[in-house]
Structure formats: structure tokens, C-alpha cells
There are 2 protein chains.
Amino acid sequence: MARQRQTDRDTILAAALSIADERGLDALTMRAVADRVGVTPMALYRYVGGKSQLLDGVVERLLLEVTLPAGRLSWREQLAKMTGSLRSTARRHPEVFPLLMQRPAATEAAKRVRDAVYATLRSAGVAVDEVPRVERILSTFVIGFAASEAGGRFTVGRRALDGDLAWFGEHFLAAIESAGADQEESGQ
Amino acid sequence: MARQRQTDRDTILAAALSIADERGLDALTMRAVADRVGVTPMALYRYVGGKSQLLDGVVERLLLEVTLPAGRLSWREQLAKMTGSLRSTARRHPEVFPLLMQRPAATEAAKRVRDAVYATLRSAGVAVDEVPRVERILSTFVIGFAASEAGGRFTVGRRALDGDLAWFGEHFLAAIESAGADQEESGQ
DNA sequence: ACCTGAACACCGTTCAAGT
DNA sequence: ACCTGAACACCGTTCAAGT
């Protein structure tokens, strides 16, 4: 039944993710995953459709690792927590994380994170019809930043990058706030 | 002599780039490149070190396609032009462009673009020791944005994305300006 | 329903051999 | 100096066959 298959699918994706973490993205092959699960490569095709869907599933798992902050925190704290969680996910899975930037943000797990950001932006006072735009800009930067850091694109150390994030946060939050203020004015 | 080899290397990289453009990144194989150049796969190894260095070279070529704006334009126009050029490069080479985000920004061609951004930021009044930081943030966003657009990560159309860039530009330039203003104050 | 063996059409890369 | 043939150790995927 579906339950059993789902479990097997999870096992397969977990194996795939840890192979990529341990031996790199190039080592993530159908055959290696099958080996780790203790099965023939061809047996995987029933659970994941093929190599590219396997990668989709792995990315999905990555997004599920992102912790969503409690709603009672201030919106500034919420955004900071989500950024931090995404960044640490990138550090835990530097090989796979960049794939996040190359695949459509249309999956269920992507929606989960996006909706959380939407809610936070709303509570920051951003106008409803501005929310998707601000989210796209924010996620593009944060994911890009985390991927760059984890992938070694930057040539500076972690302290400098902490400062980058602080600089961005300071100015971006100001932008959000002014967008929120505009809304207050015209809204009531 | 070196001249001849350089030309051959360029021919190889050009062939590689157009294969990726036409048939996708997966179709970019040593064998396919060799075929197009009219040679055996093993002959490529003298000019490009191997597959991963071939990809490095292709990324290098990509960066050389980015047009750097004339210095007499205003810094706002310069940044807008560079962003536009990067975005159109991404559209011309959507398969290869995302690699830009995964490889170190330490090559000669990367330096060429970065130095241009440095100069523009300087002329915008950004403090010398803030320049690398602002450049990292800016390039992370712009490259990430262009890669997301070209790779189909966004689910909205081009008009909305034009608006995104305008929104980011408006607020980011304001941030740069305020950083510049801080500098003026304390500087003289 | 689930897994396998055997096979197909590919890969990147090494190395000795040719010119 | 430059290129090739042959070979090695891999890939993803299909399909008929087994249980």
C-alpha cells in the first residue's frame, strides 16, 4: 500500500542525500543509491521516477529541513531565523544546496517555506500585492548567498559574510518597512 | 606555439558553449565537443585539462560576453547597464549560466567584471572598505536573479520580473547612496 | 506487486602507439 | 608536438523474465 511505498521513497531520498554529502554530487548515482539501499538500480524506478526526479526529491528534503520560526516572534526575528536556518542547511548540504537555485519553486516543500515568508512579510506591514515580489527578491538573495557561501564562490571568511548579511538585512528591512509605511498611509 | 594553441582552445570552448545552448547541459560531453571540433575526444585533453576545466572555460567565456558600460555614464546607469547585460547573457545561455553561481569568482574574467563594479561603486561614493561587501551583495542578487529567471525558477512572467528588478534597484541604490553620504560626512 | 539479469547506448579518462 | 585506437571503469535506462 501507499504507506510502505512512501517509506521506501524516503529511505531512498535519505540515502541519496547522504551520499551527496559524503562523496559529492558526482558520486550521487542511481547505482550508488541502490547499493546503499541494498537493491538493484532498476528497483529504484518504482519509487523515484528516474535520476532527475530523484534530484527533485532530494531538493524537497532539503527544504523540509528549514525550520520555520514561531509566529509570536517579531517579523525581524522571524526573517533572521529563516535566513539562519537556510544558511545552516546550505552548510550541512553544500553539494546539493545549489540545485535549489536551478529548480522551479513550485513543489509542496517550496510552498511551505514561501508561505511562511509571506505571512511574515504581511505581519511586517507589506501590502498584499507587494508580498510575492518582496518574497522573490528576498529568497533570490538569501538562497543565492547561502549557495555561494557553501559552494565556495566567496573568497572571504565567515566573519565578513556575517557582516554582509547584516548589511543586507539592515537596508532590506528598511525597504520593507518603508513599503509597509506606504501601505499604512494609503490604506487608512 | 602558444598562439595556435590558444586559438584551438577558444574553438573548443565556443563549440562547448553552443552545444550546451542547443542541446542542454547534459549533452555537453567531451565526446560531443570533440565531434563538433572534428577530432577524437582524447585530443581535447591537451587544450582543456578535462571536463571540469572545460566547464570553467565555458563560464569564463560567459563572463567575457558581459558588456561593461562607459565610465562617463552616471553610476546608476552603469549599474543598470551591467545588470541588463548580465541578464541578457543569462537568457542567451540559460543552461550554462547557473554554473556562475557554483564556481569561485577568482578567475580573470570574473575579476574583470568585479573591478568594473568596484569602480562604479567608488564613483557612487561608497567607502573603499565597504566596496567589496556591496559588490558581493549586489552580484549575489543579480546573478541569482538572472539565473533564476533563465532557469525557470520563477513562476511569473517577464513584466513582473522587470518590476522586481526596479524595486530592488530603487531600494538598493538608496542604500548605496546613504552609505556614500555617511562617507562624505565623516570623510571631509 | 515488486525485484532482477542481461543488455543497450552512452560517459570521462589513461596509455601506449602512431605520425 | 599532436593526434589516435583500444581499453577501463563507469553511467542511466529498457525490457523481458522471475517470484
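So that the names make sense, note that chain A is the first sequence line, chain B the second, and so on, each numbered from 1.
Taking a pair to require two hydrogen-bonding distances under 3.5 Å in either a Watson-Crick or a G-U wobble arrangement, dC3(D) remains unpaired. Pair check for dC8(D) finds dG12(C); Watson-Crick or G-U wobble, both atom distances under 3.5 Å. With a cut-off of 3.5 Å on both Watson-Crick or G-U wobble distances, the partner of dA17(C) is given as none.
Side chains of Leu13(B) and Tyr47(B) form no contact here, defined as non-hydrogen atoms less than 4.5 Å apart.
Using cut-offs of 30° and 60° on the angle between ring planes, the pair Phe141(A) and Phe168(A) is parallel.
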### Under 4.0 Å protein heavy-atom contacts per nucleotide of nucleotides 10-19 of chain D, with B for base, S for backbone only and - for none
-BBBB-----
#### Entry: Derivation and outcome, side chain to side chain donor-acceptor pair (under 3.5 Å), residues Arg136(B) and Ser148(A)
CA-CA 10 Å; Arg136(B) 281 195 298 274; Ser148(A) 296; over 6 Å; no
### side chain to side chain donor-acceptor pair (under 3.5 Å) evaluation trace for Thr89(B) with Arg92(B)
CA-CA 5 Å; Thr89(B) 301; Arg92(B) 264 194 312 276; 3.2 Å; yes
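In Glu22(B), the CD atom is crowded: over 12 heavy atoms of neighbouring residues, nucleotides or ligands sit closer than 6.0 Å.
With rounding to whole Å, Leu44(B) atom CG is found 11 Å from dC3(D) atom C1'. The CZ atom of Arg9(A) sits 15 Å away from the P atom of dC2(C) (whole-angstrom rounding).
If you take atom P in dA9(D) and the same atom in dA9(C), they sit 22 Å apart, rounded to whole Å.
For Glu170(B) (side chain) and Trp167(B) (main-chain N/O), no donor-acceptor pair under 3.5 Å exists by modelled atom type.
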